[in-house]
Amino acid sequence: MKPLFHDYLDVQGDFISYEDFNKNFRLKKPVSFNFAFDVVDRYGKEDPDRTALVWTDPDGAERVFSFKQMMEASNRAACYFHSLGIRKGDAVMLILKRHHEFWPAIIALHKLGAVTVPATHLLTAKDIVYRVNAADVKMLVCTRQQSDIVTAVEEALPACPGLRHKALVRTRREGWLDYDAGVANQPDVFEKPAGDAFACDDDLMLLYFTSGTTGLPKMVAHNYYYPLGHIITAVYWQQTEDHGLHLTISETGWAKSVWGKLYGQWLGGCAVFAYDFDRFQAADILRVISRYKVTSFCAPPTMYRYILQEPLEQYDLSSLQRCVVAGEPLNPDMAESWSRRMGIELREAFGQTELTVALATFPWMKVCPGSMGKPSPLFEVDLVDEDGQTCPTGVTGEIVCRTHHGPPMGMFMGYHNDPEMTLGVWYNNIYHTGDTAWRDEWGYYWYVGRTDDLIKSAGYRIGPFEVESALLEHPAVLEAAVTGVPDEMRGQLVKATVVLKPGVERSEALIKALQNHVKHMTAPYKYPRIIEFADSLPKTISGKIRRTELRGRDAAKQG
């Protein structure tokens, strides 16, 4: 059986160039599409032995699910949720880390038409209260394993009157439902809902809370067409293989997880590999890639940086054919080092929780390390200035998506229950990403920073990433965050907050050395005129640096 993504393409055959791909790639918009029935169950019936999921953990436990087994497991979960009164439109929060229970659970919720709200186990009680009430969550399923999340949920309960049920996996606790026992007692057949009870197409399917660097998290709403947008993600960016095995490093609470651990991979006929770890260890990742013969791999640049510190020659990595990178800007030197040592080029991409892949280095393109690549054929991407005009070559502008012909499949529906916030970023048929970049003469996009992170100094517009990237190439620097501080003469000065590697001493001489290093690595006017050392950098729960907090600290110092 060929991979099912072919059924949703408006053109068949291979593309011969990026231009061919960008011009001719089109998705069919099916009527009555539901990923759970039309992909998972179809594989389960027509290609039952095809591998869907390979799961393992650091203790050596292992589970392998065929699509028939995934279909039956999700049917049991759907019957269990239904027995508790969960119906179409009800929100269910899943806090399941990288546990294999996540996959049958989310597929079951799709079958029921319930709204899945994935969440990380790093949430506090305050976070739980906000999310449960904002999304009107009716049920919560979570893990207790090596996590304080159960305590956080219990502390949050008095302030969550709409939460009807809470269930635990892999353990029992008074006052909680036993999820495993509840699911095990259900039949492995689930009758497809009929009429208005059946969820598909433009119905609400997923709610993701963004981990923004300012304000409360936003609720990003996706419909049942969303999985089809990830055909681009898996088949044409990650280049997953039919009957291959793909590993994306992501906990299931983040949108990156369905980018790399579910929709596009299964549409492309590729199995998903899940390594259920709590603490990232580069050596462990290399070990499981070698043992399980992973064929394609995706991780943020930071993790590649740690992997490169390991003796790669001690592992059999011959199965690995494709490596991609996303989540934060890629340092070109690190990309070159990976390519030289592994013989595999890193292909970068840009997207958001609100989108699928909007920019990427696709198969027919030359890899330009540090560039996000060129636009996906799903999105009409442009760069605009402050007046909304298209930026010429080499000029920094905001990345936008034009939607005059309607929102493409894979684009969000808006911010749930917040039309005003939606209108703040999506108006006049233009969606504003809030990210800035510049475009070179060959059409490649190069990341600069968030619009609110841009530094305007003496008439120059300076993005923090290029300066941070230069600092990270200095052997003394572990982490760096670049911000602008007010200055009477220049408007703003470039400031770097730097975390040094263990054993490196802070000194005025090191400050000078770092400043001179940046002057040699990039345009001299971009060097940080102020460098402050810190033990750590403030971050969101998803690990993004909170530059807004650093700016706030500086503002407080200046009164």
Side-chain angles (χ1 to χ4, degrees), residues 33-41 53 70 73-82 84-121 123 128 131-132 134-143 149 162-167 169 179 183 190 193 197-210 217-230 250-264 266 272 274 353-354 356 410 412-413 415-417:
F33 179 76
N34 181 308
F35 181 84
F37 294 108
D38 296 320
V39 177
V40 177
D41 282 12
L53 175 69
M70 186 60 66
S74 62
N75 283 343
R76 290 191 186 93
C79 291
Y80 178 60
F81 286 126
H82 190 269
L84 296 172
I86 300 300
R87 298 293 186 267
K88 179 181 178 182
D90 290 340
V92 177
M93 182 177 287
L94 301 180
I95 310 177
L96 294 174
K97 299 170 75 174
R98 296 174 177 86
H99 297 350
H100 57 75
E101 290 87 349
F102 171 80
W103 283 264
I106 190 172
I107 298 305
L109 295 174
H110 292 351
K111 289 180 175 181
L112 279 168
V115 179
T116 307
V117 186
T120 174
H121 68 286
L123 299 178
I128 294 289
R131 284 161 171 77
V132 167
D136 192 20
V137 171
K138 303 301 183 189
M139 181 174 178
L140 186 149
V141 182
C142 77
T143 176
I149 189 63
L163 186 65
R164 297 186 210 141
H165 305 290
K166 60 186 190 299
V169 301
Y179 181 83
V183 169
F190 177 74
F198 179 64
C200 61
D201 303 348
D202 292 319
D203 289 325
L204 178 60
M205 183 184 77
L206 266 175
L207 277 181
Y208 270 110
F209 283 83
T210 63
K218 298 169 286 190
M219 289 186 288
V220 178
H222 282 291
N223 62 26
Y224 279 78
Y225 284 128
Y226 173 64
L228 294 176
H230 281 301
S250 174
E251 192 221 306
T252 61
W254 306 118
K256 183 72 178 298
S257 184
V258 294
W259 278 49
K261 300 171 105 74
L262 183 56
Y263 299 129
W266 286 357
V272 167
T353 305
E354 292 85 345
T356 53
F412 77 138
M413 303 163 68
Y415 297 118
H416 188 56
N417 290 338

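The shortest distance between side-chain heavy atoms of Asp90 and Arg164 falls below 4.5 Å. Within the 4.5 Å cutoff, no side-chain heavy atoms of Phe198 are placed close to those of Asp203. Within the 4.5 Å cutoff, the side chain of Arg131 has no heavy atoms near those of the Val137 side chain. In this structure, the side chains of Leu262 and Ile106 come closer than 4.5 Å at one or more pairs of heavy atoms.
A donor-acceptor pair is defined here as one N or O able to donate and one able to accept, closer than 3.5 Å; no such pair exists between the side chain of Trp254 and the backbone of Ala119. Asp201 contributes a side-chain N or O that, together with a main-chain N or O of Phe33, makes up a donor-acceptor pair within less than 3.5 Å. Checking side-chain atoms of His222 against main-chain N and O of Thr353 turns up a donor-acceptor pair under 3.5 Å. A donor-acceptor distance shorter than 3.5 angstrom exists from the side chain of Arg87 to the backbone of His82, with no hydrogens or angles considered. Under the 3.5 Å distance criterion, the side-chain polar atoms of Asn34 are matched with a main-chain donor or acceptor of Ala199.
Between the OH atom of Tyr80 and the CE atom of Met139 there is a distance of 5.0 Å, given to the nearest 0.5 Å. The SG atom of Cys79 sits 9.0 Å away from the NZ atom of Lys111 when rounded to the nearest 0.5 Å. Residue Asp136 holds its CG atom at 9.0 Å from CG of Asn417, rounded to the nearest 0.5 Å.
Across Leu140, Leu109, Val117, Val169, a single residue satisfies side-chain contact (heavy atoms from CB on, under 4.5 Å) together with Leu94, and that is Leu109.
Residues Asn223 and Met205 approach most closely at O-CE, 3.6 Å, considering heavy atoms. Pairing each heavy atom of Ala77 with each of Tyr179, the nearest pair is CB-OH, 3.7 Å. Closest approach of Ser74 to Ala108, counting heavy atoms only: O-CB, 3.3 Å.
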Next item on the list: With side-chain contact (heavy atoms from CB on, under 4.5 Å) as the test, would you mind laying out the steps for Trp103 and Met70 before giving the verdict?
Entry: CA-CA 8 Å; Trp103 283 264; Met70 186 60 66; 3.9 Å; yes

Check: Passes side-chain hydrogen bond (donor to acceptor under 3.5 Å, both in side chains), Ser250 versus Lys261? Steps please.
Finding: CA-CA 8 Å; Ser250 174; Lys261 300 171 105 74; over 6 Å; no

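A ring-centre distance under 6.0 Å is found for Tyr263 and Phe35.
Using modelled atom types, one finds a donor on one side chain and an acceptor on the other under 3.5 Å when comparing Thr143 with His99. Counted by atom type alone, Lys97 and Thr252 present zero donor-acceptor pairs between their side chains at under 3.5 Å. For the residue pair Tyr208/Glu354, the side-chain donor-acceptor check at 3.5 Å is not satisfied.
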